[in-house]
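Structure first, commentary second.
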Amino acid sequence: MTILVTGGAGFIGSNFVLDWLALSDEPVVNLDKLTYAGNLTNLTCLDDDARHVFVQGDLGDRALADRLLAKYRPRAVVNFAAESHVDRSIHGPEDFVQTNIVGTFRLLEAVRAYWGSLPEAEKVAFRFLHISTDEVYGTLSKDDPPFAETNANEPNSPYSASKAASDHLVRAWHHTYGLPVLTTNCSNNYGPFHFPEKLIPLMIVNALAGKPLPVYGDGMQVRDWLYVKDHCSAIRRVLKGGRLGETYNIGGWNEKPNIEIVHTVCALLDELCPKADGRSYKTQITHVQDRPGHDRRYAIDARKIERELGWKPAETFETGIRKTVQWYLDHPEWVANVQRGTYRKWVAKQYKETNE
Ligand code: NAD
Ligand code: TYD
């Protein structure tokens, strides 16, 4: 048996592939375009591991998907591949429409043709698991209950709109064609291999580089945070036991305002890697112009996956964030590597008015 993963060289995908192969011998075919966010060095430890087959390519390349499906005959496809950064989607939404919507559509079509050709027993066992985000639900006020799976989709950014569109395609391919799909909508992840364009890794690498820590607006926007390894365990659980056609919210029960996250990161760095001048990293915090259309609050009601599949996160925010900060301190070469080239251009474009 084999699974096909898309986007397995990105942040969550590479954690998923590494955990998968640490826990089982079932091979993984990893289809990834290697955009700026894809990084094969995340998977260096699998270089000589025959259970991991890496293929550089686009999830929207129908001929390639057909070939891979026919050759490796996976029992499941797990679709991580996406453009994933809200700020980039504001600057340039086109790639988000292409990859997240058109790419998912083409992959669904390839998978539908493959699935339709399978013998009955394999057809029944097959799964298409689509990885999505809580951002499809839109934004919450302070006193609203957390997002449940039954909430309407009200996406507000080009990123979340493109993810919501892909979720709808996946749903329709089940309803209309009977494709055995599952969808997960997860809150903000953090952990090893997180690209430093996102809040937590950006704060860590900027702090260590003595650069400003750019907090958008008042910093009181709330996100729910989940350690990436917990997301991966939830995905495995849904793949194994999720009910066909269902969506499962995944979250960490860790709602926190951004400014509190930044303070926590600074406090950990003060403890683990104190500044030479004895001052706190907090002195580097700068409030900068807010993101346009910035969602104020996300929160996840993760009771369905707990009730139906018995999944709960293993890490608290305190344990997960400590591991994460320590990982960045232990991997300066990874950080230096991902900060080369196009990363510099992005930072210059996004933060030039404030901290360049
Ligand atoms: P990421 O940006 O770190 O990685 C995305 C990966 O997809 C990269 O390896 C990239 O090369 C690849 N990719 C991009 N376009 C592609 C294409 N056209 N064809 C093939 N590969 C392509 O993203 P991530 O944070 O790992 O997120 C993975 C998935 O999880 C996404 O679908 C995202 O929407 C979802 N998600 C992310 C979070 C989060 O907090 N990061 C939370 C919930 C859901
Ligand atoms: P991000 O990591 O981009 O994830 P998302 O927008 O998908 O939730 O941002 C998390 C929160 O941190 C979000 O409210 C925006 C905020 N943020 C900053 O305040 N400063 C930054 O430089 C970045 C990248 C994000």
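Only this structure's heavy atoms are used, side chains among them; waters, hydrogens and symmetry mates stay out. First listed ligand is number 1; within each ligand, the first listed atom is number 1.
Between Arg291 and ligand 2, at least one N/O pair is under 3.5 Å apart. The N/O atoms of Ser132, backbone and side chain alike, include none that comes under 3.5 Å of an N/O atom in ligand 1. Geometrically, ligand 1 and Asn79 share no nitrogen or oxygen pair separated by less than 3.5 Å. Below 3.5 Å of separation, one finds an N or O of Thr99 facing an N or O of ligand 1.
No hydrogens or angles considered: nothing links the side chains of Ser141 and Asp143 as a donor-acceptor pair under 3.5 Å.
Each of the atoms 11 (O) of ligand 1 lies under 4.0 Å from some heavy atom of Leu34. Atoms of ligand 1 lying under 4.0 Å from at least one heavy atom of Cys186, given by number and element, are 42 (C), 43 (C). Of all atoms in ligand 2, listed by their number and element, those nearer than 4.0 Å to a heavy atom of His85 are 3 (O). Close contacts between ligand 2 and Leu202 involve ligand atoms 22 (O) [criterion: under 4.0 Å to a heavy atom]. With ligand atoms numbered from 1 in the order given, ligand 2 contributes 18 (C), 19 (O), 20 (N), 21 (C), 22 (O) to contacts under 4.0 Å with heavy atoms of Pro214. Interface of Asn188 with ligand 1, defined as ligand atoms under 4.0 Å from a residue heavy atom, comprises 40 (O).
Residue contacts with ligand 1 for Gln98 are absent, since no atom lies close enough (heavy atoms, distance under 4.0 Å). Of the heavy atoms in Tyr159, only side-chain atoms (C-beta onward) come closer than 4.0 Å to ligand 1.
Tyr351 counts as a contact of ligand 2, since one of its heavy atoms falls under 4.0 Å from the ligand. Ligand 2 lies nowhere less than 4.0 angstrom from a heavy atom belonging to Gln350.
Seen from the ring of Tyr36, Arg88 counts as a face-on cation partner, given the 6.0 Å and 45° thresholds.
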